[in-house]
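The structure appears below as structure tokens.
Everything quoted here is computed from the prediction, not taken from an experiment.
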Amino acid sequence: MLKTMKRLIITVASSLAVALIAGSCNAFLEENFKTALSPKSYFKTEEQIVAGVNGLYTFVDDLFEGDVEVGTQNFIFLDYLPGYAIRPRSAGSIYLSQAMSLTVSEENTVIEKLWRSAYTAIENCNSVIAGIEASAVTMDAVKKDKLLGEAYFMRAYHYFNLVRLWGEVPLKTSVTSDLSDVKLPLATQEAVYERIERDLTRASDLMAASPWTSTDGRVTRGAVHTLLAKVYLTMAGYPLQKGTEYYAKAYETAHEVYASGQFYLFPDYAALRDPANANAGEHIWMIQCEQQYAGSPVHNDMLPYPEPEKPISANSAFGGALAPAQAFYDSYTEGDLRTAEKGYYYTEHEATDGSGVVQLDRPYIYKYWDSNCASTGKSGMNYPLLRYADLLLVMAEAKAQADGGSTTDRDAVDAYWMVRGRALPEASKPGSVTFEEVYRERLWELCFESQTWFDLLRTRKILNVTTGEVVNLIGYEAPGHNEGCRFEEEDLLFPYPLREKRLNPNLTR
């Protein structure tokens, strides 16, 4: 369903939000409102309500937005920041290099795109929420509530990304109708998190009668509760440091997903890449991709570079955007199936001409290998945003922290072991689990999924890949960063984009 949406580019929500907004929550105010549709003039039929919500999904894959240069997408930039990855292909753009040297500047085009995309999406969410809530359309109540819940979820999702990357940001939850909101003030981080919590709680209430899962790629009850658990875990840590109460909330919310019995880990890592498993099983919420109309760049981005003498994939010259730093790859426990050949990584592959196995110069990421793309050059593989392994580790970490750093809680230990045991099936299940054990597992399991940077921010901790210890983030020199670059406090939040600062002088810290 959502793939058809992508093909048709149904962006009714964009027209509702000031005639196809082109910039941030400030820039869109420059548009002429006389030709814009408003929530009062639209949402007159069920079809219009559905189309308005469908349009919100078109912003989610902005993680794939990039420049002309190979491998410049936003998600790639986010995975350079932790320092566990390298870029085998030299970066022609200074803005990519900034992530590797921890010198992200206000002129950086990647952070400008991330900001613009989030606020454009939020303005659309505001329009859709207002339109549905004011609509007198007669339709199935459960369906209408679910659609409204999806809109609340989307707004929370985008604000969650903004507040984690920038800290204090403008907070806007109403529809733009005049020029009085041009220079929005910064909201405190606590205020933004409170809004995120309220939006997700509202979405949960609205979707209480809806299924936990869906194979159509839409936001589900499971996605809402999973994101809320992650929000609570973040609120418990930095920057708010709400502590035990919020660790307990994170555990309880994650446990609701766990107890639903509606999700499960795949038995092996190959199943994560199987197109037949899209939006099912371990995949709670994904970016929907379609080979012909809204393809994924991920397979090609992660191909080996320099190109092997014998190609192992179509478009083999397009690779080299992201690979594991050797020290990170070596940090996995001996025997971990994620580092077994074609688990999460690979060091050899069959040549496309069938002439034999090609040995690669180093380990490369196999998580997103798309066999169809390898033969056709086009990928329709979905990209995970929330998966069950993440939820299980949130649950285990939250309980360990709520209990003082370690826990014997049976469900928390089981949640941890479901992930750890899949990687090391010959190991013995422990009777307790510590924060450090769960956190190491998060970094190994969720690597290169646009997640790690956010985990470093909320914990201020990182895995020292040389010693295997979890250490303080500040002062650590990661293997993928330029030599001598150590994390400092000022590296942890992006500067406000220069273009936005020119539009809104309130963007200062």
Y346/W369 aromatic ring centres below 6.0 Å: yes
Smallest separation among heavy atoms of M286 and P384, with atom names: CE-N, 4.1 Å
Matching residue for I129 among N124, L56, L148 - test: side-chain contact (heavy atoms from CB on, under 4.5 Å): L148
Residue pair E190, K242: steps toward the salt bridge (charged side-chain N to carboxylate O under 4.0 Å, His left out) verdict: CA-CA 10 Å; E190 182 144 14; K242 288 183 173 290; 2.8 Å; yes
Main-chain N/O of C447 paired with K367 side-chain donor or acceptor, under 3.5 Å: yes
Among F266, Y388, F263, the one residue meeting ring pair (Phe, Tyr, Trp, His ring centres under 6.0 Å) with H283: F266
Criterion side chain to side chain donor-acceptor pair (under 3.5 Å) on Y42 and S127, from CA distance to verdict: CA-CA 10 Å; Y42 199 69; S127 296; over 6 Å; no
For D62 against S117, the heavy-atom pair lying closest together: OD2-OG, 2.6 Å
Y232 side chain to Y251 backbone, donor-acceptor under 3.5 Å: no
Nearest heavy-atom neighbours spanning I86 and P324: CG1-O, 4.2 Å
Aromatic ring proximity Y344/F448, centre distance under 6.0 Å: no
N/O donor-acceptor pair under 3.5 Å between D140 side chain and V142 backbone: yes
Whether E123 side chain and T176 backbone form a donor-acceptor pair below 3.5 Å: yes
Member of D390, T253, L200 meeting the side-chain contact (heavy atoms from CB on, under 4.5 Å) criterion with K230: D390
Aromatic plane relationship, F160 with Y193 - under 30° parallel, 30 to 60° tilted, over 60° perpendicular: perpendicular
Non-neighbouring partners of Q291 that pass side-chain contact (heavy atoms from CB on, under 4.5 Å), sequence neighbours left out: N372, T376, K378
Check: Y159 side chain, K172 main-chain N or O, donor-acceptor pair, under 3.5 Å: yes
Exam field: side chain W285 to backbone R218, donor-acceptor pair closer than 3.5 Å: no
Centroid-centroid distance, Y366 to Y269, less than 6.0 Å: no
L162/I122 under side-chain contact (heavy atoms from CB on, under 4.5 Å): CA gap, chis, key distance, verdict: CA-CA 11 Å; L162 282 167; I122 287 166; 3.6 Å; yes
S313 (side chain) donor-acceptor with S316 (main chain) under 3.5 angstrom: no
Y80 six-ring centre to R87 NZ/CZ under 6.0 Å and within 45° of normal: no
